[in-house]
Every structure is written in C-alpha cells, then in structure tokens.
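What follows is a single structure, written as structure tokens, with notes after it.
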There are 2 protein chains.
Amino acid sequence: MEKSAGRRHDGHSHGDEELDDRKAAILEAVVTEYIGTAQPVGSHHVATAAGINVSSATIRSEMVALEREGFLVQPHTSAGRIPTDKGYRFFVDQLAEPGSLGPAQRQKVSRFFDQVHGEMEQMLERTSGLLSDLTSYASVVLAPGHESATVRSLQLVGLGPRLALLVVVLADGAVEKRTLDLAEEVPDEVLATAAAHVLGVAQGHPLAPAPAPAPTGDHAVDRIAGMAAAALGELVADEQDRVFVGGSSRLAAAFDAVETVRSVLTILEQQLVVVSLLRDVLERGLSVAIGTEHGYESLASCAVVVAPVSVDGHHAGAVGLLGPTRMNYPEALAAAQVVGERLGERLAGAAGTVGVAAHDAGPGTAQDTAQDMAQDTAEDTTHGTGRGAARGRRRRHAGR
Amino acid sequence: MEKSAGRRHDGHSHGDEELDDRKAAILEAVVTEYIGTAQPVGSHHVATAAGINVSSATIRSEMVALEREGFLVQPHTSAGRIPTDKGYRFFVDQLAEPGSLGPAQRQKVSRFFDQVHGEMEQMLERTSGLLSDLTSYASVVLAPGHESATVRSLQLVGLGPRLALLVVVLADGAVEKRTLDLAEEVPDEVLATAAAHVLGVAQGHPLAPAPAPAPTGDHAVDRIAGMAAAALGELVADEQDRVFVGGSSRLAAAFDAVETVRSVLTILEQQLVVVSLLRDVLERGLSVAIGTEHGYESLASCAVVVAPVSVDGHHAGAVGLLGPTRMNYPEALAAAQVVGERLGERLAGAAGTVGVAAHDAGPGTAQDTAQDMAQDTAEDTTHGTGRGAARGRRRRHAGR
DNA sequence: CCTGGCACTCGGTAGAATCGAGTGCCAGGA
DNA sequence: TCCTGGCACTCGATTCTACCGAGTGCCAGG
C-alpha cells in the first residue's frame, strides 16, 4: 500500500483536490449511476456511460486511483465502486449541473403558491408537504423566528374569575398567547388598563424579556401589568423555533435497513436537534451536508440539503430536505432553492403590502410564473461550499 | 375439512362466541406469549405456562378447535400458532386483566402533569410524547374542537396599509386568527369600530358561519365588519381538527417489514385520516380496534387503542396509540386511559378555576397522586366493546 | 377424556457447488 | 507513454442438498 507514484497534479492535498477531467467524468458516472440504482457500479457500466470513451481496463486503473484518494470505495473485493462522502461532495461542488425542476414539478410549485392560503403555520406545514412531494425525501421547514418582529397589539382577555389570557400580535402577523393565573379576581377594566399600560411600553419594540413597566398609582393595575410584562419575556424564550416536518414516510422508502429508518425518525422527532442541524449547515454557508459533515452520528447515512428563506433580504427561516447520501442532489437542490425563494416572496407579500395573492390565477399566469422561475433556477442556483467554490466549471458531455 | 362434530357449547356462532375455560386459558397463553416473543407459539410452550395443567397433546387438540373457530392460525404446517384478530379481540374483551401501569410509569405521568406548562398546543404535543414514551408505540392526541367554545374577544389589528389581522379569543383559551386583505387603506379607528361591532354580535356565541352584522350608518365600517364576520365563518371550517403525533419512530421498531412502516407512516401523515379513524373507533364505543376492524387497509397489521379525553363530563378530544396487532393491550389501554383522564382534568383546570398547577410539587405529593391514579385505573378501566361485554368475568391463575 | 408415543411436515440452517460480475495485472500495440 | 484486450482470480449471491428439530396430527392405552 501507499504506492509511491501518486498521481497528483496538484501540490497540496487537503480537501478540495483537483481531479483531471477523465477522473472527474468517471466519478460523475459512478455517482449518477449509483444514485439511480443503489448498486455498486462496475467499470464496465462506466465505460458504456455517455461521454466516456475509454475501455473498462483504463477505467479500472483510474478507479484504483480514485479509491486511493478517497472518492470511491469497494464494499468488498470484486464488487463495483460506491462513492464516499468525499465523492458526493466533489460531485455536488464541481460536477453536478445546476439542474432545474421538470415542467410538471415547476407547475406544481406555482400552483401551490398560487393557491395556498391560511395562516403562516398552516402554510409552512403544507410547504413542507410540497417539498417532500417534489423530491420524495423527507422535508423540514424552519419557521422564521419573531426576533425582529415588533409588537403591534397586546390584549388581556379574562377567561375565568382568576384567569386571563395575554394575547400579543406581532407586526409579522404572528400571534402569541399565554395564560396568566391572576391569583385573585380582577375586574375587566383593570385588565384593560394594565394591557394598555404594558402596550405603551412594548409597542413598536421586538419581543424582549421584561420591559419594565413604569408604576402607575393603582396597585392592582401595576400588579397585573408586571405579570404581563414578565409573561412577555417568557414568550420570547418559549416559542421561538417552530419546525414542520413533512414526508417522513419517504424515509422508509429511502433506506432499506429498518434500524436506519428508526434512528433517523428519532432525530426528526427532536425538534431542537433538527433546528440546530439546519442552523449549523446554513451558518457554515453550505447548502448540502453529506454524511458526517454535520456532527450527527445517527445521520451518517443521510444527506441534508438546505436553502434559506429570505424575506426582504434578510434570512427568515429555512427549508431543508433529508434523504440518503445517495440522493438526487441536483433535483433536491433545485427544489429546495425554488421553494425557499418562493416561500420567502410569499411571506414578504403576506406581511407587507400585497396581501393574499389572487386565487385561481388563470393558466396563462401560472405558466408565466413557472417560466420566470425556471430562469431564476438555471441562472442563480449556487450550490456548494462557501469557501469560494469554483463555479461554472466544466461541462463535458453537453448532449445528455 | 368441515368436520361435522363441531364442538360448540353454544347455539349461535356469530362473533362473540363463548369459549370454555380451558380454551380461553390456552388462547390467553398464546396471546401473551406471542405478544412477548413475536414467535409462533407451540403447544409445548403453552403447556408449561402458568395455570395450565394439561399435556401438550391435549393442548394441540384444543388448538385445532381454536383454529377451526378462527381464534388462531398457523403460519404454516408444523409451526406454532399465532392469534388472529378475532383471537386478540377475545383476549382484550374477556381475558386481559385491567392491568395498571408500573410504579415508574405512574410516576412519570404524575411528574409530567405536575410539570407541564405552556399553552395547549405545546401541552398536547408533549402529551403525545409522553404516551409514546410510556408504551413504546406511536401515539396520537386529538385536540378538543372549539365547537362549543364561545367567543370572548375579537380584535382587528392593522398589519400594513391594506392588511389587517382578525384575532379571536375563545372562552377555552384558544386563539384563532386570520389575515384580511382590506383592498384599500382603512384607518385604525374604523378597524376598532368594526371589531367592536362584530364582537357585539358574536360574543358569547360559539364560532359559527357568518353571524350577520347589523348595518350601521358608516359604509367603511360595515364593509370591514362584513369581512370580519365572513372570516369568522371561515375560521370554524378552517382549523377545527388538530392532531399531534408522537413517537412515530417507534413504528420502525414495532414492524420489521420496511414496507409496513412506510404505509403506516403515510397514514399518520394524513391528519384527516387519523382524525376520522379515532372518531370512528370512539363512536363505535370501542377503545380498541384490531387489524381490520377499522376500515383502513394499510393498517391491517396495526391495532389502535383510543381513550376519550373528557373535560367536565363531555368529550373533548381523544388520545390514541398505534402499534402492531401484537401490542401489549393491557398496558396500552391503561396508559391511554390514565393519560386521557389526566389530560382532561388538566384541561378543565386550565380553562376553569385552578389555573397553572404548582410546579415542583414535592415527592410526597407526586406519590399521593400516583396512588389515586392507580386506584382509578384498577377500578374503572372498561376496555372492550360497546355491545354489553361481560365484565368482571373469569380470573384464573390468580397468583401470577 | 386425557396422555404418552410415534410418524410426519416443513421451515431454518449449514455446507458444497456453481455462477458471474467485477477486479488487478500484464503484455502487446498505437 | 498510455491505452487496450486478455486472463486468472476473488468473492458475494444463488442454488442445491442434507439435516436438524420444533411442532403437528393421530392413535392406542390408561
């Protein structure tokens, strides 16, 4: 082992190695084939792939090199090759064509966003269903936090003799609530006065821990106002990250080991984990995390595709896809990208000026929108690492 | 086949047949063993089971009869027996001892309900996690509908120039909201007036389609009031059934065929189906639906255990468990029963007088509560059919 | 009516044989 | 120097056989 005559065009060998065109083509063929069939790919298959014009023997020797460099592995001697995580990574960064959605899918998306209605929670939930439908992978939608949304309205509603509900409406349309145990009977007028008082302090500011309410003369009012103010603070801690998971049944189809399915489902159930997973990946500027690139052991056989949802320029949540490492990256990336974008537009519209979009837009309109979207996708899709990945490289075998 | 000398003590033979004690004991042994091991049970195993004092040969002949009558099946000749759905049904109705939770589990429940806090959605979600933890099955919590809850407060909050949010607070503490596209700019005062106007009509009544608001003089107010009233009607249709599913990863452990897992997960994702499933089962007065007893093909290998959640005497939602037909019925029934009851109490408390329970109740208190609960369970648990199932029958092998 | 005994069934396991996809290597040729 | 066809070899998957043993149905005797 460690044959001395290593074939490196490049001096350094950490991570983002270069591969000559032929190796790259072979790697691409292997990945593509394996994604499709889930079977180890042999040299012969690669030789017959489009765009490759060398014999299987040559391919074999190249494969040996690719294996030595960590892009491929053999499950056992005398079997075909399987891509490693590193192999997938190279594929995603350097090889995969942007890939746009098929027309049917594009139409699905357009139709969805034309027709979806209802409040944010419902919309996000359905969006996750859409993503999962488009791709056949499990999907995750991370709701935008309300960190920056300011308080628009605040109300105290009496529910029982000693029970009241604090209802806060934020500028982005979110409604938060919290029951307050008043400990003694409080007349409605006091509730109203206290609410008005707290609103005076909080209005226009984002939800934040306990903005101290200035004391009035009235003891009862002050007490209630204090409680409400404290509850405001708890609200922000309480319900900040909401996650919507869709299509978890797809996981069962994607993995054949029932144990894998179980462990992945377990992760998906822990919303905290899902949130930090998506956050981590996004923060590192990635849109794809393959295998062990994120830190979660039980997701070692999974890949995660994430796309940000931006409303008016700044990040507000994210959409993600969770599938096997042998997922169809181009498609998944395109789907996440498009849905994330459209969702962002939609959210901006809802909170801003446009309001609920016209239902039943005619087929003509839908068509146009789909066209725009296809454009966007083909041009803008940037998938890959944040570390200045070379873009627009290579485009062999032009004709599929 | 169709041996003429059928051994029926009883004349009629539809559904709820009687079994003599020995057959019943054998059936019970088979079910118990199979639930534990998931392996076909042979006559020898049954013979060594507690409470059975006949030879394996005798058991074999009894088993033949049980098979002929449809309580057992053989996967193939020369294998042990497996209970049929009918076998499980008999077991649940006639044989299974009520079964209470173990002390550790009881404590878990008590602790949970002592500590849980936050708003209803969050509580229900966690409750479903609790149930699933207790039993290792997937759990479903059906949120109480707001059909009977009356409107307490109604507010229109301006979000943008032509956008407002209708916020309705119901007497049970639920908050419903809906964005309204106002089509033109409307000053806040008009929104407030319109809201007050609609509230005058709707307050104290349950949410219902379009309670027509009487016209005032002001055209703008009337227009907004009309929109708000219409939105009220849509609210009731929109968000009526909320379902919380927990522990779906348990399904992967319960079934070994990945295809089964997939199809069950698919069902769980369709909330409508889950809702009507639980409803159906409850309506038929059952607390258990085994195999094909409910109509859903893809759940043929599942059993569903349901317990009602009643708040102040009337039904308000339900809790359910979904597992393989070879589930541990006594335990599942007890868990669902207890959690359903406690959840009901808790909900009644939240909407009524008690308010948020004291946190950090000392171990003494928790202990007492657990005791009460155990009592309740042992005495009251009625699991079985609505068709006047004979209760308190049979109790062989007293000493376990 | 129960029981021990007996012949029989048949799924599951183990081992041997076979198949074939795929490999590594090498000598010959462009 | 690099590619290619050829060849021996590996080894998982498949098939076949034998065999074990859990479990059965049946029957004669208690």
Side-chain angles (χ1 to χ4, degrees), chain A residues 1-9 19-23 25-27 29-31 33-34 36-49 51-69 71-84 256-257, chain B residues 1-9 19-23 25-27 29-30 33-34 36-49 51-69 71-83 256-257:
Chain A
M1 54 194 81
E2 195 62 28
K3 206 176 166 192
S4 58
R7 53 149 66 240
R8 296 238 170 74
H9 287 184
L19 291 179
D20 62 70
D21 279 12
R22 196 169 65 189
K23 280 205 188 67
I26 291 173
L27 178 56
V30 172
V31 171
E33 175 94 2
Y34 186 67
T37 65
Q39 299 295 326
V41 183
S43 55
H44 195 67
H45 280 71
V46 175
T48 61
I52 296 194
N53 299 314
V54 289
S55 75
S56 63
T58 309
I59 290 171
R60 279 200 289 281
S61 76
E62 293 285 55
M63 278 173 142
V64 171
L66 282 169
E67 184 165 3
R68 193 177 348 106
E69 295 170 37
F71 293 96
L72 297 177
V73 278
Q74 273 181 299
H76 53 264
T77 339
S78 96
R81 296 322 205 276
I82 288 182
T84 60
D256 36 30
Chain B
M1 55 193 80
E2 194 62 28
K3 207 177 168 190
S4 58
R7 53 150 65 237
R8 294 241 171 73
H9 288 183
L19 290 180
D20 62 71
D21 280 10
R22 196 169 66 190
K23 280 205 189 65
I26 291 172
L27 179 56
V30 172
E33 174 94 2
Y34 186 68
T37 65
Q39 298 295 326
V41 183
S43 56
H44 196 67
H45 280 71
V46 175
T48 60
I52 296 192
N53 299 313
V54 289
S55 75
S56 62
T58 309
I59 291 171
R60 279 200 289 281
S61 77
E62 293 285 56
M63 278 173 140
V64 172
L66 282 168
E67 183 164 5
R68 192 176 349 105
E69 295 170 37
F71 294 96
L72 297 177
V73 278
Q74 274 181 300
H76 54 264
T77 338
S78 96
R81 296 323 206 275
I82 287 181
D256 36 31

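So you know, we letter chains A, B, ... as the sequences are listed, proteins then strands, and number each from 1. The shown structure was predicted, so the numbers you read here are calculated from the model rather than taken from an experiment.
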When every non-hydrogen atom of B/Ile52 is compared with those of B/Ile59, the smallest separation belongs to CG2-CD1, 4.0 Å
Under the side chain to side chain contact (heavy atoms under 4.5 Å, CB included) test, residues paired with A/Ala79 that sit two or more places apart: A/Pro75, A/His76
How long is the line joining CD of A/Glu62 and C1' of D/dT1, in whole Å? 14 Å
Measure from CD1 on A/Ile82 to P on D/dG12 and round the result to the nearest Å. 14 Å
Earlier contact from the 5' end, DNA chain D, for A/Asn53 and B/Ala79: A/Asn53
Side chain to side chain, B/Leu72 and B/Glu62, heavy atoms closer than 4.5 Å: no
Spacing of A/Tyr34 atom OH relative to C/dA21 atom P, expressed in whole Å: 19 Å
Relative to the 5' end of DNA chain C, which residue comes earlier, B/Val54 or B/His76, by the nucleotide with the nearest heavy atom? B/Val54
Suppose we screen for side chain to side chain contact (heavy atoms under 4.5 Å, CB included). Which residues come up paired with A/Val73, at least two apart in sequence or across chains? A/Ile82, A/Thr84
Show, in sequence, the C-alpha distance, side-chain angles and deciding distance for B/Leu66 and B/Arg81, and conclude whether the side-chain contact (heavy atoms from CB on, under 4.5 Å) test is met. CA-CA 10 Å; B/Leu66 282 168; B/Arg81 296 323 206 275; over 6 Å; no
Separation of A/Ile52 atom CD1 from D/dT4 atom C1', in whole Å? 16 Å
Rounded to the nearest angstrom, tell me the gap between atom CD1 in A/Ile59 and atom P in C/dG22. 12 Å
Could you check if a side-chain atom of A/Leu19 sits within less than 4.5 angstrom of a side-chain atom of A/Phe71, using non-hydrogen atoms only? yes
What is the distance, to the nearest angstrom, from the CD1 atom on A/Ile26 to the P atom on C/dT23? 11 Å
Roughly how far, to the nearest 0.5 Å, is CD1 of B/Ile26 from OG1 of B/Thr58? 8.0 Å
For residues A/Lys23 and A/Glu69, determine if any side-chain heavy atom of one lies less than 4.5 Å from a side-chain heavy atom of the other. yes
Heavy atoms under 4.0 Å is the rule here; annotate nucleotides 15-21 of chain D 5' to 3' with B where the base is hit, S where only the sugar-phosphate is, and - elsewhere. -------
Provide, to the nearest angstrom, the distance between the CG atom belonging to A/Leu72 and the P atom belonging to C/dT23. 10 Å
Using a cut-off of less than 4.0 Å, is there contact between a side-chain N or O of B/Thr58 and OP1 or OP2 of C/dT3? yes
Runs of at least three consecutive Watson-Crick or G-U pairs, both distances under 3.5 Å, are what I'm after; which ones involve DNA chain D? C:1-30 with D:1-30
What does nucleotides 25-30 of chain D look like as a protein-contact string, B for base, S for sugar-phosphate only, - for none, at under 4.0 angstrom between heavy atoms? BB----
In whole angstroms, the gap separating P of D/dG23 from CG of B/Leu66 amounts to 17 Å
For A/Ser55 and A/Ala47, the nearest pair of non-hydrogen atoms, with its separation, is C-CB, 4.5 Å
Name every donor-acceptor pair, under 3.5 Å, that has one atom in a side chain of residues 36-46 of chain A and the other anywhere in the protein, sequence neighbours excluded.
from    : atom 1 : to      : atom 2 : distance (Å)
A/Thr37 : OG1    : A/Glu33 : O      : 3.1
A/Thr37 : OG1    : A/Gln39 : N      : 3.1
A/Ser43 : OG     : A/Arg60 : NH1    : 3.3

Base, sugar-phosphate alone, or nothing: which one does B/Ser43 contact when heavy atoms must sit under 4.0 Å apart? sugar-phosphate
